[in-house]
Q: 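Questions regarding the structure given below will be posed in turn.
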2 protein chains.
Amino acid sequence: MTATAPTRPSFKQRQFEAREDAILDAAHELLATKGYDQTTVDEVAAAVGIAKASLYKHFPSKEALATAAMKRMIQRALAFIDGLSPSLSADESLRAVLEWALRLRLAGGLPTLPSSNSALVAALTQDEAYVALVTELTGRLGLWVQFGKALGKLRADLPDEVILLSFYARTCDPAIDFLKRGGSMDDETIVQSMLKLFFDGVRRSA
Amino acid sequence: MTATAPTRPSFKQRQFEAREDAILDAAHELLATKGYDQTTVDEVAAAVGIAKASLYKHFPSKEALATAAMKRMIQRALAFIDGLSPSLSADESLRAVLEWALRLRLAGGLPTLPSSNSALVAALTQDEAYVALVTELTGRLGLWVQFGKALGKLRADLPDEVILLSFYARTCDPAIDFLKRGGSMDDETIVQSMLKLFFDGVRRSA
DNA sequence: GTCTATACTAAGATAGAC
DNA sequence: GTCTATCTTAGTATAGAC
């Protein structure tokens, strides 16, 4: 090896990754705000401040870009879960994750996991890495659901599937956006209301 | 008046309206299945079995077509509400309407009230007739929410706004589609699960 | 690897004959 | 009022110079 041989990621390499991160940040925000269909590649490029063609050097297609952003999102969720105190009970853990997701969403930072009829869904389900991440996340949440039921904290008369899918659905509930847009409630009140709703429902317990 | 003067809607007139209804039916189904953005005017025309240009003689734009379908939908909801037994209590009425909407959705017959970031929303909120219908519907549901609270049937610590918007959101909950696609639950089980979820939450009452 | 300029395509909308 | 054929635009993607 010569003296000039770099032993670390080169300068250019780091710059490249920084740029890529900036692109993902912009895509992330636009996806969260406008959704996949309404977001154009031009907008993303403009938000980053680069030309569209440059963006395509980093990501081969709009679908690939969105998929990358979604993967990063799920990794963050997994990281948050890893950081949770192990002393929390199953239902407390679920609540903590939902609370985190709701806050993130209200801050404009959660690209809505796509509802079933978006063009993005097809691309995502074909991306093995994405599917693996979702499987990982669902596995962890699913364990909590099972534990929660076993400990008598969660209703046993609801299928695990229902609880899990509804958990996901609450993170992209359109009611949140309308409440925020209405402007009559602050973020904290919205979060607490949605948590109450998910865990206790609208009916007053006797 | 001559002997040939029609005293009723003419034949052609009735045929025209029948055609228009057929167009709305097709649009309705496609909107429910694929959503506004993913539905093309070509598809609607093909489903009816007419040329696209003919469709445009009936509706001046895709937005106008979708708006008309949505208005018809809300009118049906109002009609269903009118037909409800007055002896039902407020919370029972809310449950009945939600149950009706969920069944309709599972049968593929409920165009998802648009989540906040669809191109359709802008068009809808500018259509006075549509806004009036939504106001009417929200008014009736809102009364039930107030009564339900007053009678101690609904939780008083949730703002009316939250209950109402979540009610709407449950009719287009993506969890429903995923559960149906999963195939492991029949429609009736899905409906009952979603009702339980909305009214009682996931937490087991002590 | 970034840019400007352009090709390609899908989809909303219209023209004009009948 | 229905059709076939066409216009137009918006948006994904690429070519080619630097």
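What you see is a predicted model, and the numbers here were worked out from it, not measured in a lab. Per chain, numbering begins at 1; letters A, B, ... match sequence-line order.
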Q: Using a heavy-atom cut-off of 4.0 Å to chain B, what are the terminal contacting nucleotides of DNA chain C, in 5' to 3' order?
A: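 For DNA chain C, the relevant span reads C:dA11 to C:dA15.
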Q: Salt bridge between A:Asp25 and A:Arg72, side-chain N to carboxylate O under 4.0 Å?
A: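 Judged by the 4.0 Å cut-off on N to carboxylate O distance, A:Asp25 and A:Arg72 do form a salt bridge.
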Q: Charged N to carboxylate O below 4.0 Å: is that the case for B:Arg103 and B:Asp187?
A: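 The answer is no: the pair does not qualify as a salt bridge.
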Q: Are A:Lys149 and A:Asp160 close enough for a salt bridge, meaning some N to O gap below 4.0 Å?
A: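 Yes, charged N to carboxylate O under 4.0 Å.
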Q: With sequence neighbours excluded, give me every side chain to side chain donor-acceptor pair (under 3.5 Å) pair touching residues 41-59 of chain B.
A: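 Checked against side chain to side chain donor-acceptor pair (under 3.5 Å) - neighbours excluded - the pairs reaching residues 41-59 of chain B are B:Glu20-B:His58, B:Lys34-B:Glu43, B:Thr40-B:Glu43, B:Asp42-B:Lys52.
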Q: How about B:Glu29: does its CD atom have over 12 heavy atoms from other parts shown lying under 6.0 Å from it?
A: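 No, because the 6.0 Å sphere around CD of B:Glu29 holds 12 heavy atoms or fewer from other groups.
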Q: Heavy atoms only, 4.0 Å cut-off, all strands: where does A:Lys57 land among base, sugar-phosphate and nothing?
A: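 Base contact.
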Q: I want to check a possible cation-pi pair here: B:Lys62 against B:Tyr36, using under 6.0 Å from ring centre and within 45° of the ring axis as the test.
A: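 Flagged: B:Lys62 positioned over aromatic ring of B:Tyr36.
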Q: D:dA13 P sits how many Å from A:Tyr56 OH, rounded?
A: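 It is 4 Å, rounded to the nearest whole Å.
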Q: Whole angstroms only, please: what is the CG-C1' distance between A:Leu30 and D:dG11?
A: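 Rounding to the nearest Å, CG of A:Leu30 and C1' of D:dG11 are 15 Å apart.
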Q: Any ion pair linking B:Arg170 and B:Asp173 (charged N to carboxylate O, less than 4.0 Å)?
A: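 B:Arg170 and B:Asp173: salt-bridged.
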Q: Would you indicate whether B:Gln15, at its atom CD, is surrounded by more than 12 heavy atoms from other residues, nucleotides or ligands within a distance under 6.0 Å?
A: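 Count not over threshold, so no.
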Q: Let's see if you get this right: which residues in residues 45-55 of chain A place a heavy atom under 4.0 Å from DNA chain D?
A: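 Close to the strand are A:Lys52, A:Ala53.
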